[in-house]
Structure formats: structure tokens, C-alpha cells
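See structure below.
Chain identifiers are assigned alphabetically (A, B, ...) following the order of the sequence lines, protein sequences preceding nucleic acid strands; residue numbering begins at 1 within each chain. The model shown is predicted, which means the values in this text are computed figures rather than measured ones.
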Amino acid sequence: MIKSNPFQTASPWRRNKDLIMRGLCWASMAAVIVPLCSLLLYVLFQGTHRFDLNFFRNLPAPVGVDGGGMANGIIGTLELVGIGSLIGVPVGVMAGVYLAEFGGRGNRLAFWVGYLADVLTGVPSIVTGIFAYEIVVRPLHGFSALAGGFALGSMMVPVVTRATEEMMRLVPGGLREASLALGISQWKTTLSVVLRTAQSGIATGVLLALARVAGETAPLLFTSFSNQFWPGSPMQPTASLTVQIFTYAISPFEDWHNQAWTGALVLLLMVLLVSLASRMAFSRSKQTIF
Amino acid sequence: MNMTAEKVSQANTEGPAQAGSSVSLAGESGKGDLRFRRIAACFAALVPLLALAILFILVKASMVCFQGMGWHFLVSQDWDPIKENFGAAAYIYGTLVSSFLALLIAGPLGVAIALAITEFSPLRIRGTAALVVELLAAVPSVIFGLWGMYVLAPLMRVHVEPILVAVFGHIPGIGALFVGPGTGLSLFSAGVVVAIMILPTVMAICREVFDSIPVALRESALALGSTRWEATSLAVLAPSRTGVIGALILGMGRALGETMAVTMIIGNRALITPNLLAPSDSLASAIANQFTEATSEMHLSALAELGFVLFLITMVLNLFARFLVWATSREAGAAAKAKAK
């Protein structure tokens with residue numbers, strides 16, 4: 001950012017120290033890039049062994065039988081994320097609207113909502129799993145997609161709340177005032193002017209939260225559990241891609257390891273594509289609106 | 001005209017309760033506004049309710065175990081589901097040591113990379129670097145675990161651990177930390193994997209803190225004849241010390257709660273030993289491994305209490321870190337304001 005000083009009069013020792021420290025900063029970047037590239041390349045290459053039609057079309061097969069897949073896990077993950085967003089998105093968006101439109105000095109509810117949303121983002125996901133177990137699995141006497149979705153949904157709430165609030169605050173005050181000056185009531189202004197303007201930003205926030213929870217394993221282990229068959233009703237144990245990757249990875253079978261790598265490749269592609277696409281869509285819409 | 005605009009903007013900032021009275025055109029809308037505000041407030045109230053519910057449920061679920069074991073739970077390392085004897089000390093030890101190790105690796109690296117991005121790299125690549133960092137944060141934990149199990153652990157066993165044992169093994173004191181031969185599934189490997197996972201968090205927050213430092217500070221240091229590094233350390237690192245500590249603690253908070261990757265690589269044997277190359281176990285991975293297999297009410301409750309302990313540790317750290325980050329950015333903001341005047 002700042003070009004180096006052309007009137008440099010530092011002693012050789014100071015100049016060398018400058019070079020060494022800057023070199024160390026760059027070296028640490030290189031040191032981190034190596035394991036990350038290794039991770040991505042391993043997922044990419046090991047993942048291709050079983051990256052075939054069977055993987056996407058078939059149910060898991062018993063050990064030794066060819067052609068097993070994780071189709072049920074892929075659909076199950078989509079189902080769980082769907083249930084999660086049914087719970088997390090409305091609550092998060094409305095809470096974010098409340099914070100942006102009615103929050104401010106003196107509003108004690110808004111202060112606590114914002115503060116506890118930050119606290120909730122720090123709750124370890126496995127703890128959310130215990131919470132969902134106690135509140136859904138125990139009363140219903142069984143693992144279910146509903147419980148898994150509930151766990152994912154409660155993880156989405158604080159993220160979506162903060163994202164919505166931030167995006168609503170970006171909308172220029174002049175737009176609100178123009179709408180109010182036309183005699184449009186406050187609530188209609190909020191919903192059809194402010195929320196409409198911020199919608200692409202909010203959608204980005206929601207998609208990022210979706211991508212994040214789609215990769216969660218810990219809260220699903222004892223809420224949605226797992227299943228060898230196609231996902232059925234939300235009250236049944238349901239397979240998910242992440243739990244299946246975990247089960248296959250810790251199994252002793254070569255073919256299952258390969259499938260775990262392929263599962264990881266599919267999951268990584270899903271998560272990264274959603275994150276990247278939503279970000280790019282947002283940066284384009286940001287240029288046109290603001 | 002001027003008056004009306006002022007009133008409208010006033011109504012806008014103060015909420016809809018006043019809107020009905022000040023904007024006479026609105027008429028009926030006052031009621032609708034109030035109703036909308038109430039509905040939004042109901043949804044918003046679910047957020048604090050969720051936080052309270054998590055706390056309440058954790059306390060309630062761990063009650064059975066707490067009544068049976070008392071405070072002994074925190075200091076005993078005897079974990080025996082058959083005899084219903086539960087002590088969390090070994091799990092707490094594993095969690096703290098692996099997270100601390102992760103922080104020891106990720107902390108300096110994260111700060112250095114954040115410096116490389118904000119201070120030493122051309123503007124053009126900064127956006128891309130930020131994007132890559134954010135995408136890395138989105139890589140699921142189970143994938144890090146898979147890589148750790150099949151790539152990192154063998155590498156550790158064959159190459160890294162023998163070197164560590166040969167170099168440090170004979171030094172009195174430090175030698176106790178590296179006793180071989182290891183299996184590759186160890187506290188040390190867990191620390192390395194978690195370090196990679198928390199790097200994006202540490203880096204992102206450090207970048208935010210460094211970016212909030214006014215450019216004028218750096219320029220003044222350079223104008224006084226500093227080298228680039230001296231300017232960075234005087235004008236960027238020194239004033240952002242609190243913020244960086246906050247970033248490190250937030251990273252530590254993430255490390256503590258990390259479940260899947262740790263479960264897959266830590267070896268899952270609860271032991272308290274100074275040897276970093278020995279297998280261990282953590283709070284989160286004990287819950288992940290045992291919860292579905294727990295049959296007795298007491299065992300389930302003991303696992304819930306592990307969760308409660310984990311929850312408390314992370315909450316205390318997070319609140320402290322947020323306070324630190326908030327305090328520095330406020331200071332920087334105040335400094336910028338003073339300069340503007």
C-alpha cells in the first residue's frame with residue numbers, strides 16, 4: 001500500500017531485519033498454503049475413484065457388494081437443511097428486521113437480541129446437538145429428521161439475524177424517508193421498500209448460513225442419526241452426507257474409504273459452489289442497487 | 001415543508017409508535033405499525049429465548065450426574081460407565097491442551113498472514129485473498145478429519161514424530177512432551193489439524209483490527225525514517241495488541257468446540273499425560289463418540305454435563321474476546337474521530 005521510502009537511511013542491520021520480518025510474513029503464508037493445497041488435492045484425486053453414476057443413484061451397499069452409493073445421504077442432507085431453514089430463516093430474518101428498524105439506544109430487547117445472537121454463534125455445534133436431543137428426540141422417543149433440522153435451524157438463527165440486520169442497515173435512509181413522505185405507513189415501507197432493497201444481500205447471508213450448516217456433522221450424530229434407506233417422513237432417522245462420510249471414514253473397509261473421499265468431494269463442491277455463487281451474485285447486485 | 005421532513009425522519013428513527021401521531025396523512029397506519037412492531041418483536045424475542053433454553057436444558061440434563069458425582073466430576077479422571085463413575089478431568093485436559101497447541105501454531109501464523117495481506121501486499125490481490133480465507137472457513141470439519149486421518153496422521157507417524165523425538169526427546173523437561181513411538185493419532189496431530197481450521201478465524205479478525213488503524217499512523221512512522229517492518233510493528237502491531245489478543249481468544253473458542261476433526265485424529269483414549277504424542281480425548285469428541293451408545297440415564301447425564309462444561313468454557317472465553325475486540329475498535333474509532341476534528 002505505501003511504497004517503500006526512497007529516502008531510506010536505515011542502517012544495514014535495520015534493513016536486514018526489515019527484510020527478514022517481511023520474509024517471515026510471506027513464508028508463513030506459504031506454510032499455510034501447503035497443507036491446504038494438500039487437502040484440496042487429496043479430496044479432488046481420492047474423490048474421483050468412486051465419482052460415478054452409482055454413487056449418486058444408489059443406496060449404500062453392504063461391504064463387498066459393488067455399486068453402493070450415498071444417494072440417500074445427499075437427499076437427506078438437502079432435507080435436513082430444508083427443515084433447518086424453515087425454522088432458522090423466518091426467525092432470523094424477522095429478528096434482523098427488528099434489530100435494524102427498531103433497535104437503537106434505549107431498546108433493551110434489541111440490545112439483548114443482538115448480544116445473545118453473538119453469544120449463540122459461539123456455542124459449539126455438539127452442544128446444540130445435545131440441546132436438540134433433549135428438546136426433540138427425547139419427547140418424541142426417537143431420532144428424526146425433525147430433530148436434526150431443529151439443531152441446524154437453531155444454528156442458523158444467529159447468523160441470519162446478524163446478516164439481515166447488517167444488510168437492512170446498508171439501505172440508505174433517504175429511501176425510507178421518500179417512502180414515508182409519500183404517506184406509506186412505516187410497516188409497508190419496511191417490508192416493501194427496505195426489505196425489498198436489501199433482499200439480495202439477505203439472500204446471500206441466508207445461503208452462506210445454509211452452506212455452513214450443510215457441512216455440520218456433530219449436531220446430527222444423535223438427532224437425525226443415520227439410515228441405510230431413502231429418507232421418508234421427517235419423523236424417521238435420516239441419513240446425511242456428513243454423518244455417512246464420518247461412518248465410512250472410521251470403518252476398516254477400503255471401498256468405504258474411497259466412498260468417504262467421494263462424499264467429501266461432493267460435499268465440498270456443494271458448499272463451495274453455494275458460497276461462491278451467492279457471493280458473486282451479491283457483489284453484482286450491490287453494484288446496481290447501492 | 002422542512003418541518004414535515006424533519007418529523008418524518010424523526011418518526012423513522014424513533015420507531016412507529018410516534019409515526020401515527022406525527023404523520024397525520026398516515027391515519028390508520030399507526031395501528032398496523034404497532035402490530036408489525038409487535039410481530040417482529042415476538043420473533044426477535046426467540047433469540048434470547050433460544051439462548052436461555054440452551055442454558056436451561058444443559059443444566060437440567062446434567063442434574064442427574066451432578067447429584068451423583070458433585071464437584072468431584074471436575075477433578076476425577078475415572079470414567080467408567082459400567083460402575084457409573086464419571087470424572088471429566090482427562091477430557092478437560094485433552095480439550096485444553098489440544099486447543100492451546102492449536103493456538104500456539106495458528107496464532108503467530110494468523111497474525112503474520114494478516115500482516116502480509118493488509119500491509120505488504122498490493123491492493124489488487126487483497127480482495128482475492130480475503131475471499132479465499134472466507135471460503136476456507138466454509139470447508140466442513142468432517143473433511144478436515146478425513147484428511148487428518150488418512151494424510152496427516154501417517155505423515156506424522158513416519159516422518160514428523162521420529163524427528164520430534166530425536167530432536168527434543170533428550171532435553172530434560174521438554175523431553176517428557178515428546179516420547180515415541182507414536183501412532184500418529186495424538187494430541188499433537190489434533191492440535192495441528194485444529195490450528196489449520198481456526199486460522200481463517202484468527203486471520204479474518206486480525207485483518208479487521210489492522211484495517212481499522214488509520215493510515216496516517218503508518219505514514220508518520222515512515223516519515224520518521226522507519227523501515228517498513230518498523231512502521232508496521234510501531235504503528236500497526238502495537239496499537240492493535242488488545243484486538244489481536246481478542247482474535248486469538250476467539251480462535252481458541254472455536255478450537256475448544258471443534259468436534260469431528262478432533263474425534264477422528266485425537267485417538268480417543270482419555271489419559272492425562274504430558275506426552276503430546278500419546279492419544280487423548282476431548283470433551284466434544286467424548287460426547288460425539290459415546291452419546292448414541294449411552295444406555296443409562298446417568299451416562300447420558302454425564303455426557304450432557306461434559307457439554308455444559310464445554311459450553312461454560314467457550315462462553316467465558318467468547319465474552320471476554322468480544323469485549324477486547326470491541327474495546328480496541330472503539331479506541332481506533334475514537335482516534336479517527338479525534339483526527340477528523
Original post:
Which answer fits I54(B), side chain, backbone, both or neither, if we ask what part of it has an atom under 4.5 Å from a heavy atom of chain A?
Top reply: both
**OP:** Below 4.5 Å from any heavy atom of chain A, which atoms of L146(B) appear? Answer side chain, backbone, both or neither.
**Re:** both
Subject >> NZ/NE/NH1/NH2 to OD/OE distance under 4.0 Å, E297(B) and R138(A) >> reply: yes
Original post:
Which bit of V119(A) is near chain B, if near means a heavy-atom gap under 4.5 Å: side chain, backbone, both or neither?
Top reply: both
Subject >> Contacting moiety of I20(A), where chain B heavy atoms sit under 4.5 Å >> reply: neither
**OP:** Can you tell which part of L265(A) gets under 4.5 Å to a heavy atom of chain B, answering side chain, backbone, both or neither?
**Re:** neither
Original post:
Side chain, backbone, both or neither: which part of L39(A) has a heavy atom under 4.5 Å from chain B?
Top reply: both
**OP:** Identify which of L256(B), V47(B), V139(B), L152(B) forms the greatest number of heavy-atom pairs closer than 4.5 Å to chain A.
**Re:** V47(B)
**OP:** Tell me, for N107(A) versus chain B, whether the close heavy atoms (under 4.5 Å) come from the side chain, the backbone, both or neither.
**Re:** side chain
Original post:
Can you say whether A211(A) sits under 4.5 Å from chain B via the side chain, the backbone, both, or neither, judging by heavy atoms?
Top reply: neither
**OP:** Under 4.5 Å heavy-atom distance to chain B, tell me which part of V123(A) shows up: side chain, backbone, both or neither.
**Re:** both
Subject >> Top of T217(A), I126(A), L116(A), L191(A) for chain B proximity - count of heavy-atom pairs under 4.5 angstrom >> reply: I126(A)
Subject >> chain B contact via T189(A) - which portion, at a heavy-atom distance below 4.5 Å >> reply: neither
Subject >> Structural part of Y42(A) lying under 4.5 Å from a heavy atom of chain B >> reply: side chain
Original post:
After noting the C-alpha distance and the side-chain angles of E101(A) and R176(A), does the key distance pass the salt bridge (charged side-chain N to carboxylate O under 4.0 Å, His left out) rule?
Top reply: CA-CA 10 Å; E101(A) 296 298 297; R176(A) 289 186 181 85; 2.8 Å; yes
Subject >> SB check E258(B) R254(B) (cutoff 4.0 Å) >> reply: yes
Original post:
Heavy atoms, side chains only, cut-off 4.5 Å: are V32(A) and L199(B) in contact?
Top reply: yes
Original post:
Is any side-chain heavy atom of F43(B) closer than 4.5 Å to a side-chain heavy atom of Y98(A)?
Top reply: no
Original post:
So what's closer than 4.5 Å to chain B heavy atoms on T121(A): side chain, backbone, both or neither?
Top reply: side chain
Subject >> Ring centers of Y248(A), H257(A) separated by less than 6.0 Å >> reply: no
Subject >> Portion of V113(A) that has a non-hydrogen atom of chain B nearer than 4.5 angstrom >> reply: both
Original post:
What part of S154(A) lies closer than 4.5 angstrom to a heavy atom of chain B: side chain, backbone, both or neither?
Top reply: both
Subject >> L109(A) portion near chain B, given a 4.5 angstrom heavy-atom threshold >> reply: side chain
Subject >> salt bridge (charged side-chain N to carboxylate O under 4.0 Å, His left out) between R22(A) and D18(A), intermediate numbers included >> reply: CA-CA 6 Å; R22(A) 272 156 67 185; D18(A) 176 49; 3.0 Å; yes
Original post:
With only heavy atoms counted, which part of S285(B) is less than 4.5 Å from chain A, the side chain, the backbone, both or neither?
Top reply: neither
**OP:** With a 4.5 angstrom heavy-atom cut-off, could you sort out which part of L58(B) is near chain A: side chain, backbone, both or neither?
**Re:** side chain
Subject >> Under 4.5 Å from a heavy atom of chain A, the part of L46(B) involved >> reply: side chain
Original post:
Between E230(B) and R14(A), does at least one N-O distance fall below 4.0 Å, as a salt bridge requires?
Top reply: yes
